[in-house]
Amino acid sequence: MMNANQITEKLQGQFGADRIQVDEKAKRGGVLVSVENLVDTMRFLRDDPELAMDFLNCVTGIDLLGLAGAESDNLRSLYHLYSYAQRHEFSVSVDIPRDDPRVPSMTSLWASAIWMEREAYDLLGIIYENHPGLTRLLLPTEFEGHPLRKDWKEGEFVMGISTTRDTPMDLLKFFHDKMGGEVPPGLTTDLDPPTAEGNAPSPESTPSSDSAPEVE
Amino acid sequence: MTLQDQHGEQIGSSFQLIEEGNELTLNMGPHHPSTHGVLRFILKTDGEVIRRCIPDVGFLHRAIESIGEKCTYDGFMPYTDRVDYIAAMFANHCYALAVEELLEIELPRRAEYLRVISDELNRIASHLLGLGAMAMDIGAVTPFLHMLREREHINTYIEELCGQRITYNYQRIGGVSHDLPHGWRDRLLDYLDHFEKVIPELNRLVTGNQIFIERSANVGPITAQQAITYGLVGPNLRSSGVDFDLRRDRPYSVYPEFEFEVPLGLGEMGTIGDCYDRFVVRVREMQQSISILRQALLKIPTGHHMAKMPKKIKPEEGLHAYSRIESARGEMLGWVMGSGGKNAWRVRFRTGSFNAMGIIEEISRGMMIADVIAFIASLDIIAPEIDR
């Protein structure tokens, strides 16, 4: 069993301190590597008998666009690892350029990456190269865009379904017209269009409004 | 609507049978009664034998991770219930633990005990439903009703604790929402004496039943190597013979203070890691939960049920922490990244059912259709937990 500092030192001894950057923001320790070094680092983490990270616990896609303190608008792929043999854990993250979000897939090392990378592709548009089938997982095939990106905006229609709804007050207006202008007791009427005298309802169209409280 | 499998190959369109030579493409679900929640499988079969079984998920996707970015930290708490509505306590616990780790909050010991008690109660309730549903999928309807009866009792106890029967919102950041009600402890101890006798009843009805054994033994065995590389967690992992339980091996909360065993799959009726093993491991886990509950109820210390919390929860920007807890469906990982403001920058849940789905296509090759039903049921998959 090794703690995060020992694992970081071992990685830096293997690959050189300039290629393994400590992730200061990770509470339980972790490192940042570049896209080119990712596969080597991960393979070393898995195959070295002292490290023996046999369980890829989680793949998380993160969008850093607009995060205070972040130097760039990169996407990030974060891997949580655990070793059943050695009972220690570690995390590795890799920053991916936003305009060309390509990163090697981990599916050849851990089969659990197949679904988790599909999810990160689906929600953040990170392209995992050499993945056996990088298709959408949770969202429909026809869905456009990647909704967990910070610059994603919901359109007026998503797959032909409107994303806006009538306000409930409009439904009440329909009810109001259908009842012949009668307002159910307890409801005041902001429903009438503003008249020349102001917003006050006319007394004959709202017989029950006497008992209802006035709402401005 | 066209559909592609995970190898990018076109496998047909929705709700349509396609026949190619001897191969029949068959749609199973999304409303198939034996799938747990809204799940869909596309089966490529040769007669009764499955050539491929391709899961199609996402019907219950409610963008919980996205909601987590739009709510305040404590405002997100009720949404975590919906990650897994059969065992809502665990997602509560997982998220609360991740945020507490981010803020470095120490909990009062009574709060930790209350968390363990509610977790273990919920684990029993969830396993009861999972076991009952598996028995029902195989054809035994009666045990399901017995299990639901017991689950109702447990729901009533949890309702007294927090006012809810399904989505509890009991565990909060910094503790739990309510202390124990008056007399609850003794009544629960009495109930546990009763419930202990239900497990032999379940064993007589299902576990030792010859039909059940023949339907589940040697069906869908998963080796330890496969289970680890596909990332199976919890009871599914342990039934493949991997001796690992987060409560014992990477303890959180106050679990080191209790004595309990970790049941493993032994291959009693067939191969290690078959459907029967997964069933039996869950039955034995319920027994261990009873033991933990008894110890916790007898040892519970006095004190507060909430820690002193800062007025505003505002973790530093970019700082991230995660928690791992042993949920009813195996290890759940909750991960939170602070934004410097009152909302999280990113929230992530990695759940047990999600990982279990990934292995179905691999293991189900060459199975009979009826065995696939037993296999899926034995993994104890809950659809909302996959889709989140």
Side-chain angles (χ1 to χ4, degrees), chain A residues 23-28 30 46 54-64 66-70 76 78 80 82-85 87-89 91 93 107 109-120 122-124 131-143 147-148 150 152 159, chain B residues 1-9 55-61 63 65-66 69 98 101-102 104 224-226 228-233 237 242-244 249-250 316-322 324 331 333 335 337-341 345-346 348-350 354-355 357-359 361-362 386-388:
Chain A
D23 186 357
E24 305 283 354
K25 300 279 190 181
K27 271 274 177 182
R28 278 183 190 258
R46 189 191 69 160
D54 42 14
F55 175 36
L56 176 62
N57 198 333
C58 188
V59 178
T60 311
I62 310 151
D63 188 355
L64 298 177
L67 176 66
R76 180 177 282 182
L78 168 65
H80 285 113
Y82 187 74
S83 169
Y84 286 126
R87 305 274 150 98
H88 54 219
E89 58 198 49
S91 72
S93 31
T107 44
L109 300 176
W110 296 278
S112 59
I114 298 176
W115 272 50
M116 293 191 282
E117 287 181 351
R118 277 178 77 190
E119 190 192 348
D122 192 359
L123 300 177
L124 282 125
H131 190 284
L134 200 63
T135 51
R136 285 199 182 273
L137 182 71
L138 300 175
L139 300 174
T141 327
E142 289 88 347
F143 195 89
L148 276 188
K150 295 288 176 183
W152 185 81
M159 298 179 63
Chain B
M1 187 173 139
T2 55
L3 201 76
Q4 292 173 324
D5 65 358
Q6 60 181 346
H7 304 289
E9 197 183 310
D56 176 23
V57 301
F59 292 92
L60 281 169
H61 180 55
E65 289 175 5
S66 180
E69 296 171 6
E101 181 147 341
L102 210 55
E104 293 171 2
Q225 185 55 40
Q226 275 173 327
I228 289 174
T229 181
Y230 274 92
L232 287 195
V233 284
L237 179 75
V242 182
D243 190 6
F244 181 77
D249 299 319
R250 185 192 177 275
E316 196 187 316
E317 68 272 1
L319 199 67
H320 56 96
Y322 65 104
R324 300 165 68 193
E331 174 180 337
L333 184 140
W335 178 87
M337 186 184 225
S339 69
W345 185 257
R346 174 93 165 85
R348 171 98 169 105
F349 284 104
R350 205 276 299 129
F354 184 85
N355 282 12
M357 282 302 279
I359 205 171
E361 190 174 340
E362 169 80 13
I386 307 162
D387 302 340
R388 282 157 288 134

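Numbered from 1 within each chain, the chains take letters A, B, ... in sequence-line order. Basis for what follows: all heavy atoms, side chains included, without hydrogens, waters or symmetry-related copies.
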Name of the residue among L64(A), L78(A), L148(A) meeting side-chain contact (heavy atoms from CB on, under 4.5 Å) with R346(B):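 Output: one option passes, namely L148(A).
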
Can you see whether Y82(A) has R324(B) sitting over its ring - NZ or CZ less than 6.0 Å from the centre and within 45° of the normal? yes

Which atoms of [X] approach chain A - backbone, side chain, both or neither, heavy atom under 4.5 Å:
X	answer
E316(B)	side chain
F59(B)	neither
L60(B)	neither
M337(B)	side chain
E331(B)	side chain
H320(B)	both
L333(B)	side chain

Should V57(B) and W115(A) count as side-chain neighbours, where that means a heavy-atom distance under 4.5 Å? yes

Student check: side-chain heavy atoms of W335(B) and S91(A) closer than 4.5 Å: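 Side chain of W335(B) against side chain of S91(A), heavy atoms only: no contact under 4.5 Å found.
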
Max heavy-atom pair count under 4.5 Å with chain A, selected residue of E104(B), M357(B), R348(B), H61(B):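 Highest number of pairs under 4.5 Å: R348(B).
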
Shorter than 4.5 Å, heavy atoms on both sides: which option in N355(B), I228(B), I359(B) has the most such pairs with chain A?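 Top count of heavy-atom pairs under 4.5 Å with chain A: I228(B).
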
Nearest 0.5 angstrom please: [X] [atom1] to [Y] [atom2], how far?
X	Y	atom1	atom2	answer
D56(B)	T141(A)	CG	OG1	7.5 Å
E65(B)	L138(A)	CD	CG	8.5 Å
C58(A)	Y322(B)	SG	OH	10.0 Å
F354(B)	E119(A)	CZ	CD	4.5 Å

Just so I understand: if I count every heavy-atom pair under 4.5 Å between each of D122(A), I62(A), L56(A) and chain B, which residue has the most? I62(A)

Backbone N/O of D63(A) and side chain of W345(B): donor-acceptor pair under 3.5 Å: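 Looks like yes, one N/O pair under 3.5 Å.
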
Expected output: side-chain R350(B) to main-chain N57(A) donor-acceptor under 3.5 Å: yes

So which heavy atom on E69(B) is nearest to which on K150(A), and how close? OE1-NZ, 3.2 Å

Ignoring hydrogens, what is the shortest heavy-atom contact between D243(B) and R87(A)? Give both atom names and the distance.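 So the two residues come closest at O-NH2, 3.2 Å.
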
Test D249(B) against Y84(A) for side-chain contact (heavy atoms from CB on, under 4.5 Å), laying out the working first. CA-CA 10 Å; D249(B) 299 319; Y84(A) 286 126; over 6 Å; no

What part of L139(A) gets closer than 4.5 Å to chain B, counting heavy atoms only: side chain, backbone, both or neither?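 Only the side chain of L139(A) comes within 4.5 Å of chain B.
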
Is it the backbone or the side chain of R76(A) that comes under 4.5 Å from a heavy atom of chain B, or both, or neither?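 Looking at R76(A), just its side chain touches chain B.
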
